[in-house]
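Worth knowing before you read on, the calculation uses all heavy atoms, side chains too, and leaves out hydrogens, waters and symmetry mates. Chain A is the first sequence line, chain B the second, and so forth, proteins listed ahead of strands; every chain is numbered from 1.
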Protein chains: 2
Amino acid sequence: MTTPLDPEMFDPVCPSGLMPFRVGDKWTGMIIQCLADGPRRFSELRVPLRNITPKVLTKSLRALERDGFVVRTESAGAPRHVAYRLTPLGRSLLGLLDAARAWAQEHLHEVLDAREAASGSRLPR
Amino acid sequence: MTTPLDPEMFDPVCPSGLMPFRVGDKWTGMIIQCLADGPRRFSELRVPLRNITPKVLTKSLRALERDGFVVRTESAGAPRHVAYRLTPLGRSLLGLLDAARAWAQEHLHEVLDAREAASGSRLPR
DNA sequence: CCGCATCCTATTCGATACTG
DNA sequence: CAGTATCGAATAGGATGCGG
């Protein structure tokens, strides 16, 4: 349930930036994936999202909270312990993310090929 | 097959801007919808996308072309006649768009409610 | 009819440094 | 540990006007 997140969870060679889909902002989809099998702490999330700055992660998490996809829970104690977990509404997005990944599995290479071909034939209109 | 596009096709009251998903840029998803049941002309596309400027529409269409989702065909003659149609790859996105709409049908109101509630309780952290 | 050229604004993302 | 504050670069999106 709470095994550590794989730092290689998001392949840098196939960043979701190449995907024709986005959920929320640049990081939202990956954050939701990270929360798929249990609550995670702020700094735990920063591991797979290797270079995310705290400011940007905070912003994405606040948006997810505001929209009811995620709840934030702070337990008293020092050092601080803050956890983020998906709500049922947040979990309702997982199916769509799966569908998107399935599409990518099947078709993304076609997009990359088309892009490659387009950068070859440079006949600007 | 080529009945005119409904100018009210995209409800201004529920713009896709509120959706937590995006395909490509702001207009891409709507363009693909417009092309779902047959080729369409440039100016035909501008109708349901009421306020789109030609520059922006062009940019989105070029991106769709580059990625292999759409093909552009220009028939000789004056005035010009340019049509855009989905490729099989482009059509492969329709299922995903349907799934996204189904999700929205079922859950978007929860998001809006959550957003509403959040704007009520203003306890900034 | 189908764009392109220019200019402008707002937002997004990130780097860096600092705090309870 | 979990953020906040400030700054800067890049990009998206749009308004307007011209051109083949």
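- Going from atom CD1 of A:I52 over to atom C1' of C:dT16 covers 16 Å, rounded to whole Å.
- Per the geometry, CG belonging to A:L45 stands 12 Å off C1' belonging to D:dA2, to the nearest Å.
- In this structure, B:R62 does not reach the C:dC2 phosphate: none of its side-chain N or O atoms is under 4.0 Å from OP1 or OP2.
- A:L35 places a side-chain heavy atom less than 4.5 Å from the side chain of A:L45.
- Comparing atom distances between the B:T58 side chain and each of C:dG3, C:dA15, D:dG3 picks out C:dG3 as nearest.
- Remark: C1' of D:dC1 and CD of A:E44 are 13 Å apart, rounded to the nearest angstrom.
- OP1 and OP2 of D:dG20 both lie 4.0 Å or more from every side-chain N or O belonging to B:R80.
- Protein atom CZ of B:F42 is 11 Å distant from nucleotide atom P of C:dC1, rounded to whole Å.
- Counting to the nearest Å, the P atom of D:dG13 and the CG atom of B:L49 are 13 Å from each other.
- Atom CZ in A:R46 sits roughly 12 Å away from atom C1' in C:dA15 (whole-Å rounding).
- For C:dC2, neither phosphate oxygen OP1 nor OP2 lies less than 4.0 angstrom from any side-chain nitrogen or oxygen of B:Y84.
- Using modelled atom types, one side-chain atom of A:D11 and one backbone atom of A:V13 make a donor-acceptor pair closer than 3.5 Å.
- The distance from atom CG of B:L57 to atom P of C:dC2 is 10 Å, rounded to the nearest whole Å.
- Distances from the side chain of A:S43 to the nucleotides D:dA15, D:dC1, C:dC2 place D:dC1 closest.
- The minimum heavy-atom distance linking A:E44 with A:R41 is given by the pair OE1-N, 2.8 Å.
- Looking at A:R72, its side chain never comes within 3.5 Å of a backbone N or O of A:R62 through a donor-acceptor pair.
- Side chain of A:R50 to main chain of A:F10: a donor-acceptor pair is present (N/O by atom type, distance under 3.5 Å, no hydrogens or angles).
- The aromatic rings of B:F21 and B:W103 sit perpendicular, their planes meeting at an angle over 60°, well past the 30° parallel limit.
- With hydrophobic clusters built from ILVMFWY side chains whose heavy atoms lie under 4.5 angstrom apart, B:Y84 does not share a cluster with B:V71.
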Just the table, please: protein N/O against nucleotides 6-13 of chain C N/O, every pair under 3.5 Å.
| residue | atom | partner | partner atom | Å |
| --- | --- | --- | --- | --- |
| C:dT12 | OP2 | A:K59 | NZ | 3.4 |
| C:dC13 | OP1 | A:R22 | NH2 | 2.9 |
| C:dC13 | OP1 | A:K26 | N | 3.3 |

